[in-house]
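Scroll down for the structure; my scribbles are underneath it.
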Amino acid sequence: MMGVVNYMDSIEMNIRQILQNIKNAEMRCAKPLEEPVRLIAVTKNHGPEAVDAAAAAGVTLVGENRVQEAKDKKSHTAAAVAWHLIGHLQTNKARQAVSLFDLIQSVDSWHLAEALNKAACAQDKRQDILLQVNVANEETKFGLRAEDTLDVARRVAELPGLRLCGLMTIAPYVEDAELVRPYFKEMRRLFGELKTLALPGVDCRWLSMGMTNDYQVAVEEGANLVRVGTGIFGPRSYGVQGGL
Ligand SMILES: *Cc1c(COP(=O)(O)O)cnc(C)c1O
């Protein structure tokens with residue numbers, strides 16, 4: 001393919017294909033959420049041209065996993081996109097994260113929620129967040145334990161600087177995405193419980209799950225935010241920006 005189509009065209013083709021796959025998976029979903037599925041283009045380890053190319057293909061949401069990288073990238077693109085933080089955040093970067101991101105998906109501890117609340121209050125912002133759940137209890141992953149999530153949600157709901165908008169998870173990496181379906185089902189159940197609590201100030205709208213390898217299974221199980229990097233931009237290579 002290299003040389004046959006240019007960078008922008010190949011990204012647009014990939015996005016078109018993924019959107020079609022999402023649509024098909026959505027039709028197989030037994031209990032879809034109110035909010036239709038949206039695609040987040042994960043631009044981490046790619047340059048600002050990746051943001052521009054995704055935006056040109058109609059994507060309106062981008063995901064980044066580092067504060068500094070997002071800050072640099074944001075200053076090099078004028079694309080009209082919303083920026084989502086999807087990587088672990090240290091509390092000492094809470095202030096910067098609040099000033100940069102429209103949605104912080106990776107709130108993985110009460111401690112971090114408190115730090116973000118403080119930063120948001122100081123900036124007169126109500127920061128939209130998701131709680132990240134380590135649904136498979138993986139030692140190597142950040143996130144709340146499923147059994148602690150609703151308690152943390154109750155406490156977060158009382159923080160004036162934050163607006164809890166739903167849940168996020170990263171499923172274990174497996175070759176066969178079918179194997180992670182039970183985790184997505186568990187997340188959908190937890191999301192339903194959170195919604196049923198009807199906590200004041202909580203806008204339980206987004207269930208963020210699914211990446212290149214497993215987004216179709218995630219959508220079948222009710223995800224309405226999917227985070228795709230490799231499927232759009234190709235493998236991430238350090239030092240070489242962009243290109244497929
Ligand atoms: C990198 C990353 C993604 C995208 O992963 P791909 O497999 O490249 O699609 C999605 N979510 C999170 C949290 C990530 O860190």
Side-chain angles (χ1 to χ4, degrees), residues 7 10-11 13-22 25 37-47 50-51 53-54 57 59-70 73 81-90 93 97 100-109 112 128-144 149 165-180 183-184 187 206-221 223-238 240-244:
Y7 181 66
S10 56
I11 285 174
M13 284 185 342
N14 293 343
I15 287 172
R16 207 180 297 155
Q17 181 65 59
I18 291 164
L19 290 174
Q20 186 59 55
N21 294 345
I22 287 173
V37 183
R38 309 228 182 136
L39 172 65
I40 302 170
V42 177
T43 46
K44 68 182 186 199
N45 298 125
H46 294 280
V51 177
V59 165
T60 58
L61 309 173
V62 297
E64 287 284 333
N65 66 340
R66 285 156 179 257
V67 168
Q68 190 58 46
E69 186 182 333
K73 215 169 287 180
V81 292
W83 295 75
H84 290 194
L85 180 64
I86 59 175
H88 176 64
L89 178 65
Q90 287 168 331
K93 299 206 177 120
L100 283 169
F101 291 102
D102 300 286
L103 177 65
I104 298 177
Q105 298 200 7
S106 45
V107 179
D108 51 19
S109 70
L112 177 59
D128 286 349
I129 66 150
L130 305 182
L131 290 178
Q132 181 176 346
V133 183
N134 183 1
V135 68
N137 272 319
E138 288 179 282
E139 295 217 350
T140 53
K141 288 223 170 87
F142 290 101
L144 302 165
T149 300
C165 301
L167 303 177
M168 179 270 229
T169 198
I170 306 171
Y173 182 80
V174 287
E175 286 278 317
D176 178 6
E178 276 304 321
L179 298 176
V180 290
Y183 296 119
F184 293 144
M187 285 299 295
W206 300 118
L207 180 56
S208 173
M209 53 190 196
M211 304 168 37
T212 296
N213 191 51
D214 56 14
Y215 72 90
Q216 296 175 77
V217 176
V219 169
E220 286 169 8
E221 296 303 331
N224 62 1
L225 280 182
V226 297
R227 313 176 304 262
V228 178
T230 310
I232 297 174
F233 303 108
R236 287 177 286 274
S237 49
Y238 295 84
V240 183
Q241 300 223 310
L244 284 176

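Remember, it's 1-based here, ligands and their atoms both numbered in the order they're listed.
Scanning all heavy atoms of the two residues, the minimum distance from His46 to Lys73 falls at O-NZ, 2.7 Å. Taking every heavy atom of both residues into account, Val59 and Val81 meet most closely at O-CG1, 3.7 Å.
Residues passing the side-chain contact (heavy atoms from CB on, under 4.5 Å) test with Arg38, sequence neighbours excluded: Glu35, Leu61, Trp206, Leu225. Looking at residues two or more places apart in sequence or on another chain, you find a side-chain contact (heavy atoms from CB on, under 4.5 Å) between Ala171 and Val180, Phe184, Asp214.
Thr212 OG1, 2.4 Å is the protein heavy atom nearest to atom 9 (O) of ligand 1. Residue, atom and distance of the protein heavy atom nearest to atom 5 (O) of ligand 1 are Met211 CE, 3.4 Å. When only non-hydrogen protein atoms are considered, atom 12 (C) of ligand 1 lies nearest to Ile86 CD1, 3.6 Å. Taking atom 1 (C) of ligand 1 as the reference point, the nearest protein heavy-atom neighbour is Lys44 NZ, 1.5 Å.
The shortest N or O to N or O distance between Arg227 and ligand 1 is below 3.5 Å. For ligand 1, none of its N or O atoms has an N or O atom of Asn213 under 3.5 Å away. In terms of N/O distances under 3.5 Å, ligand 1 is not approached by Ile170.
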Using side-chain contact (heavy atoms from CB on, under 4.5 Å), reason through Asp102 and Asp128 one step at a time and then give a plain yes or no.
CA-CA 7 Å; Asp102 300 286; Asp128 286 349; over 6 Å; no
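Atoms of ligand 1 found under 4.0 Å from any heavy atom of Gly229, numbered from 1 in the order shown, are 4 (C), 6 (P), 8 (O), 9 (O).
At a heavy-atom cutoff of 4.0 Å, ligand 1 is contacted by both the backbone and the side chain of Thr230.
The shortest distance between side-chain heavy atoms of Tyr173 and Asn213 falls below 4.5 Å.
None of His84, Arg227, Gln132 except one satisfies the side chain to side chain donor-acceptor pair (under 3.5 Å) rule with Ser208; the exception is Arg227.
Under a cut-off of 6.0 angstrom, the local environment of NZ in Lys141 is crowded, with over 12 non-hydrogen atoms contributed by other residues, nucleotides or ligands.
Assignment of Arg236 to the shell around ligand 1 is supported, since a heavy atom sits closer than 4.0 Å. The shortest heavy-atom distance from Val228 to ligand 1 is under 4.0 Å.
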